[in-house]
Structure formats: C-alpha cells, structure tokens
Amino acid sequence: MLSGSKSISNRVLIIEALSGASIAKPNLATAHDTQLLQELLQSYSTTLDAEDAGTAFRFLTAFLAFKEGEWILTGNDRMQQRPIGGLVHALRSLGADITYLRKENFPPLKIGGGKLSGNHVKVSAGISSQFVSALLMIAPLMPHGLTIELEGKVVSEPYISMTLSLMQYFGVRYDQRDHTIHVPPQTYQPKDIFIESDWSAASYYYEMAALADEANIELKGLLEDSFQGDSVLASLMNSFGVETKFQNEVLTLSKTQSNSSYPHHYDLSAYPDLAPALFAAAAGLSRTVSFFGLEHLAYKESHRENALRTELAKCGISVNNDEGVITLLGKFSVAAPQFKTYNDHRMAMALAPLALVCGEVLIEDPLVVNKSYPDYWKDLMSIGFGIGEVK
C-alpha cells in the first residue's frame, strides 16, 4: 500500500493541533515533511526550522500567528527563496505581528502569535493555494470567524477543496460563493480518519505503465471518491494508454493500446504535482504535447520547469515555453543518462522510470525522495526494477 497522502496528513495534523484533542489517523504519511511538521507542532522550542517543507512552513505561519507566544520560523536556503509575502500580508491585515528577518516577502519570519482579531481578508491565490488553506484552517477559531476573498487566478484549486472537505469532515460549516469563502466561528469535532494513499505518488506508477510494453500494477489505499484533486490522474492517463480499474479497495493499472488521437494539450493549473510524471511520460514516448497553467512551477522545491528542461534535453527532448504554453518536442534517444535532482523529490521519482525506455538511468542524490516517499526505491525493486548504488 502506498503511504498516506502528504497533503491530507499535513492538514489533519494542523486540524488536530487546533482541536486540542488527539485524532487516530491510520496510514499517516511517512514523508519527511509530515514527520517534520508533527515534530514541530509538538516542539517546545521557540525557533522552528521547517527545512525545505513548503506546506509545513505555510501552515505553521498561520497556525503560529493564531497561537499565543513568540517564535522564529525558518527554513533552508531554498525555502528562503520561496515567497511567503501573500500570506504574511493577509495575516497582518487580520492583526498578526509578523516581521521579516532578512528579505522582504521571504522567510525567515518572527511571529508574535495570538493577536488576530479581524474577520475579513483578501488573499492572492496565484502563487500557492496553501496560503488560502493555511487561513481556512484557523478560520473557525477566529473570534468572529473569517471571510476570505480570493484575488487573481486561483492555482491548485483542488487543494483548497481538499482543505474545505477535511474541515467539513471534522464538523466545520462554511459557505462558498464564487471567489469568497465564509467560515463562521465554531470548533472542530475530532474523530478518527483513515489517511488515503497519495495520488501524487501514484503518478509515477502510471508513468511506468505508460512507458512499459505491458503492465499489471496493483496499488492499495487509493480511493475512487477521493479528497485529492490529483485523482484526475486516472482519466488523464487514459490517453497515455493506461487503464484504471477499482475493485475490492485495489486499484489496478494495465497497459492498453495508446490512442493515436490522444490530446495534445493538457491544462495542469489545478494539478501541478502531476507535471513531472506527465512530462517524463510524454518524453519517454516521444510525444509532442503541450502543458499550460504551470506558471507557479518556479516556486516549487526546484524551479521545476527549468529543471525538467535541462534534464530532458539530455535525452533529445526540447521543452519550450511560449507565453505560458510549455511544449515537449523531439525523439527520446539516450543511453544511461545521469539526471540531477535539484534537491527535488519529484524530479528523482519522475525521471527514474525512464529506465524502461533506455535501459538504465543514474539518479543523483536519490535520498531526496525521503521528502514525500521514503520507500520509493524499495517499492520499485518490489515490482522488478534493479536498484544499485554507484560506487
């Protein structure tokens, strides 16, 4: 069974902390980011290091602004290059005491918590949906509740829907109309929750099925009726020749004849975490396809668009960006490429399956997968991949 969803796990941990009660949560993600967030929420230290965990940093920014006390919230070098200004501005408008310790709009932060008093906020939703989710989760406990107006184009909207669905699961009422969400004052009602497996992690198995001549892969713990927007993967990968069947709580992937009239354009604005696997699958199949809605790839663990462009160029694939439309062109042709991972877990996991079309790949810094999927290499071995360490 795939590990629990990191996205669901991290939200449940914040809700648990806000509820003040322990929640049974079987299949909690084994991802380093989730384990780190759990440790930070339980820490008595006033200096909290979120390392490279973007979700943890953003959720903690709002959580600490709500909680009584004073903290320093920091992260690694890459984290300090990832903008947090939209969330800080929103929290300040609600009365938060937050100071940038180095560069304006970027971590690290000094947070004086427990001073929130407003009930209406506007937030830019164009860089990270996590800004909105961070505010939503503290909203029920605000003295007068909170109305959030989303400004600009909303990216990764399914993650906002996931947050609202989980809040509703734990007894919170809300009203959503167009780009406005109102959450009245109330309390969370803690109860047990099974953490479904991670659809983002499943994308690499879909990629493997697409690249293989034949495939019969069983994945457990994924739900057809899912909290996760990335479950759209099942329909997206039909055009890559991968069929999905759900039966007895088991998802089975099989290879079918790829449709020659496959879509040539994919809108990934709501599903950015699927981009690495889809890029790699298209490259390995030498497909000319375009992706759009991915302007915010620059703010991920690496600048993913640039990273994928550089690495896929080693395989004869061009990645061109024309006013936001990213097109893959060329014929995949290379022997034993050596791929950099840019300290980005999804780069490592998406590039490794390309071994199916070129015999062997070398992955630099393979342990970067610990961020979201520590057992990735072990699980690849269990389905027949040979994994060896370069001496």
Flag for Ser3-Thr30: side-chain donor and acceptor within less than 3.5 Å = yes
If you draw a 6.0 Å radius around NZ in Lys245, do more than 12 non-hydrogen atoms from other residues or ligands fall strictly inside?
-> no
Neighbour count above 12 (heavy atom, 6.0 Å) for Gln42 CD = yes
Side-chain H-bond candidate by donor/acceptor type, Thr74 with Asp49, under 3.5 Å | no
Could you verify whether a donor N or O on one side chain and an acceptor N or O on the other, from Arg304 and Tyr342, lie under 3.5 Å apart?
-> no
Distance (rounded to the nearest 0.5 Å) between Ser197 OG and Leu223 CG = 8.0 Å
Tabulate below the donor-acceptor pairs under 3.5 Å that side-chain atoms of residues 178-186 make, not counting sequence neighbours, or state none.
residue: His182; atom: ND1; partner: Thr147; partner atom: OG1; Å: 2.8
residue: Gln186; atom: OE1; partner: Arg173; partner atom: N; Å: 2.7
residue: Gln186; atom: OE1; partner: Arg173; partner atom: NH1; Å: 3.4
residue: Gln186; atom: NE2; partner: Arg173; partner atom: O; Å: 2.9
residue: Gln186; atom: NE2; partner: Pro184; partner atom: O; Å: 2.8

Pair Asn238-Glu243, side-chain donor/acceptor within less than 3.5 Å = no
Verify the distance criterion only: is there a donor paired with an acceptor across the side chains of Asn320 and Thr327 at less than 3.5 Å?
-> no
Set of ring-ring contact (aromatic ring centres under 6.0 Å, His included) partners for Tyr271, sequence neighbours left out | none
Please determine, by modelled atom types, if Asp379 and Tyr204 share a side-chain donor-acceptor pair under 3.5 angstrom.
-> no
Is the number of heavy atoms from other residues, nucleotides or ligands under 6.0 Å of His144 NE2 greater than 12?
-> no
For the ring pair Tyr266 and Phe291, is the centre-to-centre distance below 6.0 Å?
-> yes
Within-4.5 Å side-chain heavy-atom neighbours: Leu150 and Val132 = yes
Decide, yes or no, whether a salt bridge links Asp213 with Lys255 under the criterion of side-chain N to carboxylate O below 4.0 Å.
-> no
Is the shortest side-chain N to carboxylate O distance from Asp52 to Arg78 below 4.0 Å?
-> no
Yes or no on side-chain contact (heavy atoms from CB on, under 4.5 Å) for Val319 and Thr310, after CA distance, side-chain angles and deciding distance?
-> CA-CA 8 Å; Val319 178; Thr310 300; over 6 Å; no
Tell me which donor-acceptor pairs under 3.5 Å the side chains of residues 11-25 have, and how far apart each pair is, sequence neighbours excluded?
residue: Arg11; atom: NE; partner: Thr163; partner atom: OG1; Å: 2.7
residue: Arg11; atom: NH1; partner: Ser7; partner atom: O; Å: 3.0
residue: Glu16; atom: OE1; partner: Lys25; partner atom: NZ; Å: 3.2
residue: Glu16; atom: OE2; partner: Ile23; partner atom: N; Å: 2.8
residue: Glu16; atom: OE2; partner: Lys25; partner atom: NZ; Å: 2.9
residue: Ser19; atom: OG; partner: Glu16; partner atom: O; Å: 2.8
residue: Ser19; atom: OG; partner: Ala21; partner atom: N; Å: 3.2
residue: Ser19; atom: OG; partner: Ala21; partner atom: O; Å: 3.4
residue: Lys25; atom: NZ; partner: Ile23; partner atom: O; Å: 2.9

Run the side chain to side chain donor-acceptor pair (under 3.5 Å) check on Gln130 and Thr55 step by step: do they pass?
-> CA-CA 7 Å; Gln130 292 170 6; Thr55 307; 3.0 Å; yes
Separation between OH (Tyr159) and OG (Ser128), nearest 0.5 Å, reads 10.5 Å
Glu224 and Ser226: side chain donor to acceptor below 3.5 Å = no
Test: Arg309 cationic atom under 6.0 Å from Phe279 six-membered ring centre, within 45° of axis | no
